[in-house]
Enquirer: 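Mind having a look at this structure? Questions to follow.
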Amino acid sequence: MKLADRLNRYSLFFHALLSCALIFFIEAFSRHSVIEAFVFFREHTFAFFFDALIIFATLSVVYLFRRRMLVRIIICSVWALLGIINGCVLSQRVTPFGYTDLKCVSDLLSMTNTQYFSKFQAIAVVILLAVLIAALVWLGVKGPKYKGRICKAANLALCASMCLLLPAATAFAQDTDRMASYFSNIAQGYKDYGFVYGFSTSVVDRGMNKPSDYSEDTIRDITDNVAESSREKSAYQVADSGAVISDSKTAARQPNIICILLESFMDPTDINFLELSEDPVPNFHALCDNYTSGYLTVPVVGAGTANSEFEVLTGMNLRYFGTGEYPYKTILKKTDCESIASDLSAVGYGTHVVHNNGGNFYSRANAFSQFGFDTFTSKELMDIQEYTPLGSWPTDQILIGETEKALDSTPDQSDFVYTITVQGHGTYPDEPILENPEIKVSGAETTEENYQWEYYVNEIHEVDKFIGNLTEMLSKRDEDTIVVMFGDHLPTLGLEDSDMKSGDIFKTKYATWNNFGLEQKDADLTAYQLLAYTTEQAGLHEGTIFTYHQANDYLAEDSGYQSGLENLQYDILYGERYCYNGIDKYPATDLQMGIDKTYVRSCHKNADGTLSVYGKNFTNWSRIYVNDEKMPTVYVSNREVRLSAEDTAELEDGDLIKVCQVGSSNTIFRTTENFLTWNNN
């Protein structure tokens, strides 16, 4: 009897064994250890077999086809590929691979030769996929077929029964606390319950579930209580600190607010095992000593900046979304969302984002439009010249001038500027890169880890210099200003709770600065509470979510507080918007990319046959377009870009030339207003 015939005869038993084998393979790859896969089987046996049940259920599809071997291999290949991807992802970050990460593929493809993957790795993946596809095509043409009689009704009934069994088994496992329905720590959830269950949860559990008590009356009760509290706080008065408190409609100048996301930033002195030659973050420590500061609980570790950002800018809690979800990639693709930007815009603020990374990364250009920002200056609009020692990321000093430029763009307004750094981003090399590091680092278990920590700490030291230079610049301006800065997550360097003085790898730090005498009120907060606490100190009581935080004892974190927050979040993003009386109160804005316009002044054909296009505010992401076709462009300076001699020779009389600032996926963020007609004579 042929192997295929035997497998078909004992297929259910074979599928059970195959499912268990696949789970073991996936867990070994995800955990980077065969031994750890055995540990998972021993310590989480129920989860192991439950994961196998999920794969077993998917394999029931083979009974609908004659080429069962082919379908088995396709199903197993998909699961194995997902497990391999998870293992690769976990080698670079702490957060495991989830369904929403598939929506970030375009971001990763635009970042070749960075810490995410190299060109060699990308080529290897393409080759492996090509080999797999070729093998599947061969099986489809030459592979064995099931020769027995197919009882379609019985096989469909089997598939249907598996479709019903799986959710029923899941509900039972969750109700009996054998399997978790929510992962407060996604990485730990995948570790305890396995990749297959974790990934499957991220597929089926997306968005927000409707709260059991959600209704118009519930929302009315919440907003009425908030309004009463807000009225008490918003009456005209002068705070003890000297800050101006308004009723939100006054023309009085309110303080500028600068919010800074410090990429992968943490206080290295908070790590128990590190030994440092000197304080790597003296400016940050000075702010902590003299202004409001504290620990900040963020929703991610090692990656997932956009989710910490989402919590900070909206005041919403990520725990009410599906496992591993990125709202930037899901609900915000189609729905506008009230944020600190739209709230402050309503009372006369100019609102700006400054970030020395790509405008499309995490779909930020779209998200910031949905949030109601006025402008977004991404790297495509910056004349970036300095990079980190590895060349992976721009340094952060350029953000000082860009932040000031945003403030200067609205001379008659107060401003909210959200500045996102990138210099602290990984990966961190395990070999000596810095010849003479300012900060000497030791204490890690291996020499390679010490090199990683030394590189990271010295880059954070440079970020600390940026903090000092930024506050110095702001101190010279004759405008009341409050700055709040925070680490979005800990770096991907294998930290555990026991390594931290805080005892929690989900805790970073925040610090503030101001130039108008605000009282220091240290408090440990969550990311979604940070700007409510900051604006309350500045005397601002604006917005649905932020005033909700301010109206409650949000430091207490009681269940009633969380229930109200969940209802408001659902109402704004998925519900009937009862809190806005059913209207679209905060529509998306027509986001302007960059502060400065790009101009073309003239063109000149050079002696070597190249064409120089002269103008203003060009960057490394400026591209010459001829008759709306993008051309290979050489960046010379912020006033000159060039077209090659070969392309110049192709130009004809009447061709139209313009220069565009181009992001990933050929997105044109900004273009010159004037078009020049080429004259080849």
Side-chain angles (χ1 to χ4, degrees), residues 110-114 352 354-360 375-406 408-409 419 421-423 462 466 469 473 592-651 655-664 666-680:
S110 69
M111 302 182 71
T112 309
N113 272 342
T114 69
H352 318 274
V354 176
H355 182 30
N356 49 345
N357 198 12
N360 277 337
T375 72
F376 176 21
T377 304
S378 62
K379 72 175 184 180
E380 291 86 359
L381 289 305
M382 296 183 188
D383 188 22
I384 296 172
Q385 300 297 322
E386 295 183 0
Y387 287 80
T388 56
L390 286 178
S392 301
W393 304 106
T395 60
D396 290 335
Q397 292 299 322
I398 193 170
L399 298 175
I400 298 171
E402 296 296 337
T403 299
E404 186 170 29
K405 191 185 297 182
D408 290 341
S409 68
T419 299
T421 73
V422 78
Q423 187 166 354
E462 294 300 314
F466 153 77
N469 292 334
M473 178 273 288
Q592 174 184 300
M593 294 300 294
I595 300 296
D596 296 327
K597 291 184 178 181
T598 306
Y599 297 95
V600 171
R601 302 294 190 191
S602 62
C603 295
H604 175 73
K605 190 173 183 180
N606 303 308
D608 61 359
T610 61
L611 177 73
S612 288
V613 179
Y614 296 102
K616 190 176 180 182
N617 299 322
F618 297 151
T619 75
N620 277 304
W621 292 269
S622 295
R623 299 292 181 265
I624 297 170
Y625 277 67
V626 178
N627 298 328
D628 291 329
E629 179 182 353
K630 187 176 74 169
M631 308 298 291
T633 304
V634 177
Y635 170 80
V636 179
S637 72
N638 64 351
R639 294 181 180 274
E640 180 186 357
V641 289
R642 286 184 185 173
L643 202 60
S644 71
E646 292 78 9
D647 290 325
T648 301
E650 297 294 323
L651 293 176
D655 285 344
L656 298 178
I657 298 174
K658 62 182 178 180
V659 176
C660 302
Q661 306 306 116
V662 183
S664 62
N666 288 321
T667 304
I668 296 177
F669 286 136
R670 195 145 191 170
T671 184
T672 52
E673 293 183 354
N674 51 324
F675 295 75
L676 297 181
T677 302
W678 168 250
N679 188 321
N680 203 35

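Both backbone and side-chain heavy atoms feed into the values below; hydrogens, waters and symmetry mates do not. Quick note: residue numbers are just sequence positions, from 1.
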Enquirer: Does any N or O in the side chain of Asn469 come within less than 3.5 Å of the main-chain N or O of Ile400, such that one atom is a donor and the other an acceptor?
Expert: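 Pair absent, no side-chain N/O of Asn469 close to backbone of Ile400.
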
Enquirer: Could you report the tightest heavy-atom contact between Asn360 and Ser664, atom names first, then the distance?
Expert: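 So the minimum-distance heavy-atom pair works out to ND2-O, 3.0 Å.
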
Enquirer: Which pair of non-hydrogen atoms, one from Ser637 and one from Phe618, has the smallest distance, and what is that distance?
Expert: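 Scanning both residues, the minimum pair turns out to be O-CB, 3.8 Å.
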
Enquirer: So, for Val422 and Pro394, which heavy atoms are closest and what is the spacing to 0.1 Å?
Expert: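 Where Val422 meets Pro394 most closely, the heavy atoms are CG1-O, 3.5 Å.
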
Enquirer: Side chain of Asn620, backbone of Ile384: donor and acceptor closer than 3.5 Å?
Expert: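 Looks like yes, one N/O pair under 3.5 Å.
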
Enquirer: Write out all pairs satisfying salt bridge (Lys or Arg N to Asp or Glu O under 4.0 Å) with one or both partners inside residues 376-403, taking only residues at least two apart or from two chains.
Expert: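 Salt bridge (Lys or Arg N to Asp or Glu O under 4.0 Å) check on residues 376-403 returns Glu402-Lys405.
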
Enquirer: Output all residues satisfying side chain to side chain donor-acceptor pair (under 3.5 Å) with Thr419, sequence neighbours left out; order by chain, then residue number.
Expert: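 By the side chain to side chain donor-acceptor pair (under 3.5 Å) rule, Thr419 matches Thr403.
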
Enquirer: Sequence neighbours excluded, which residues qualify as side chain to side chain donor-acceptor pair (under 3.5 Å) partners of His355?
Expert: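 By the side chain to side chain donor-acceptor pair (under 3.5 Å) rule, His355 matches Arg364.
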
Enquirer: My understanding is that only residues two or more places apart in sequence, or in another chain, count here; which of them pass side chain to side chain donor-acceptor pair (under 3.5 Å) with Gln592?
Expert: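 So Gln592 forms no side chain to side chain donor-acceptor pair (under 3.5 Å) with any residue.
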
Enquirer: What pairs with Asp647 under side chain to side chain contact (heavy atoms under 4.5 Å, CB included), at least two apart in sequence or on another chain?
Expert: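 Partners of Asp647 under the side chain to side chain contact (heavy atoms under 4.5 Å, CB included) test: Met631, Pro632, Leu643, Ser644.
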
Enquirer: Looking only at non-hydrogen atoms, find the nearest pair between Lys658 and Thr671 and report the distance.
Expert: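 The pair with the smallest heavy-atom distance is CD-OG1, 3.6 Å.
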
Enquirer: Can you sort out the partners of Asp608 under salt bridge (Lys or Arg N to Asp or Glu O under 4.0 Å), two or more places apart, ordered by chain and number?
Expert: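 Salt bridge (Lys or Arg N to Asp or Glu O under 4.0 Å) check on Asp608 returns nothing, list empty.
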
Enquirer: Can you list the residues that meet the ring pair (Phe, Tyr, Trp, His ring centres under 6.0 Å) rule with Phe669, with sequence neighbours excluded?
Expert: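 By the ring pair (Phe, Tyr, Trp, His ring centres under 6.0 Å) rule, Phe669 matches no residue at all.
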
Enquirer: In chain order, what residues pass the side chain to side chain contact (heavy atoms under 4.5 Å, CB included) check against Thr619, with sequence neighbours excluded?
Expert: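 Residues passing side chain to side chain contact (heavy atoms under 4.5 Å, CB included) with Thr619: Trp621, Ser622, Gln661.
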
Enquirer: Test of understanding: with side chain to side chain donor-acceptor pair (under 3.5 Å), list the residues that count as partners of Asn606, not counting sequence neighbours.
Expert: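 Asn606: side chain to side chain donor-acceptor pair (under 3.5 Å) contacts with Thr610, Ser612.
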
Enquirer: Report the residues that fulfil salt bridge (Lys or Arg N to Asp or Glu O under 4.0 Å) with Glu650, sequence neighbours left out, ordered by chain and then residue number.
Expert: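 Here no residue qualifies.
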
Enquirer: Just jot down the salt bridge (Lys or Arg N to Asp or Glu O under 4.0 Å) partners of Lys630, sequence neighbours excluded, or say none.
Expert: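 Lys630 satisfies salt bridge (Lys or Arg N to Asp or Glu O under 4.0 Å) with no other residue.
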
Enquirer: Arg623: which residues meet the salt bridge (Lys or Arg N to Asp or Glu O under 4.0 Å) condition with it, sequence neighbours left out?
Expert: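 Not a single residue meets the salt bridge (Lys or Arg N to Asp or Glu O under 4.0 Å) criterion with Arg623.
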
Enquirer: With side chains defined as the heavy atoms from C-beta onward, is the minimum distance between Phe376 and His352 less than 4.5 Å?
Expert: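 With C-beta onward as the side chain, the pair stays apart.
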
